[in-house]
Structures are given as C-alpha cells and as structure tokens.
Amino acid sequence: MKEALEDVKAAEQEAKNILGETEKEAKAIVADAAEEGELILQDAKKQGEEQRQKLIQEAEAEALKIVESLKKEHEEQVKHLKEISAGKTEAAVDMIVERIVKSYGDS
C-alpha cells in the first residue's frame, strides 16, 4: 500500500512538473507572439510612412506640373493682352493728337 501511495505522489509530482513546464511554454509562446505582433506592427507603420511619403511626393510633383501649366497659360494671356493694348495705345495716341490738333490747330 505504501508503494501505491508513493506511486500516486510521484504521479502527482510529475503532473505538477508537466503543468509547470506547460505554463512556462505557454508564457514563452505568448511572449513570442507579442514580440512578433510588435514587429509586424512596426513594419506596417514603416510601410505606411513610406507610402505616405510617396503619395506626398507624387502630389507635389502633380501640383508643380499644374502650376507650371497655369503659369505658361497666364504668361500667354498677358502677352496677348499686351499686344492688344499696344495696338490700342497707338490708336488712342493718334486720337488724342488729332483732338489736340483740331482744338489748338486753329490758334
């Protein structure tokens, strides 16, 4: 009977040892998973930041193209308006001179 009792105690001790090892392994698995999860999160943040920078650069490049296009368009409009006004300036000067000559030409 003493031998059976010792066998039971030994089995209980072995069960406690197995349970202790299992708990250690479970904690190690949880710690590894948490560490791996953190690495995945950091990688995702890094990729997100890289993508954000890429999108900003693309948007800035597109905005620069638009600005250059608008600048060229406005320069052409200014040139056209200057050409129109140059012709009208000559006509206005001629008209003013004609009025002055008519008004004071008889003097």
**Student:** Mind jotting down which residue pairs meet the side chain to side chain donor-acceptor pair (under 3.5 Å) criterion with at least one end in residues 10-26? Sequence neighbours excluded, please.
**Tutor:** Q13-N17
**Student:** How would you list all residue pairs meeting side chain to side chain donor-acceptor pair (under 3.5 Å) that involve residues 44-61, not counting sequence neighbours?
**Tutor:** D43-Q47, E49-R52, E49-Q53
**Student:** Rounded to the nearest 0.5 Å, what's the gap from CE on M95 to CD1 on I100? Could you check?
**Tutor:** 11.0 Å
**Student:** Run through the side-chain heavy atoms of Ile, Leu, Val, Met, Phe, Trp and Tyr, join any pair under 4.5 Å, and report what else lands in L41's cluster.
**Tutor:** none
**Student:** Quick test of your reading: applying side chain to side chain donor-acceptor pair (under 3.5 Å), list the pairs with at least one residue in residues 73-84, sequence neighbours left out, ordered by first then second residue.
**Tutor:** none
**Student:** Would you compute the distance between atom CG of L55 and atom CD of E62 and round it to the nearest 0.5 angstrom?
**Tutor:** 13.0 Å
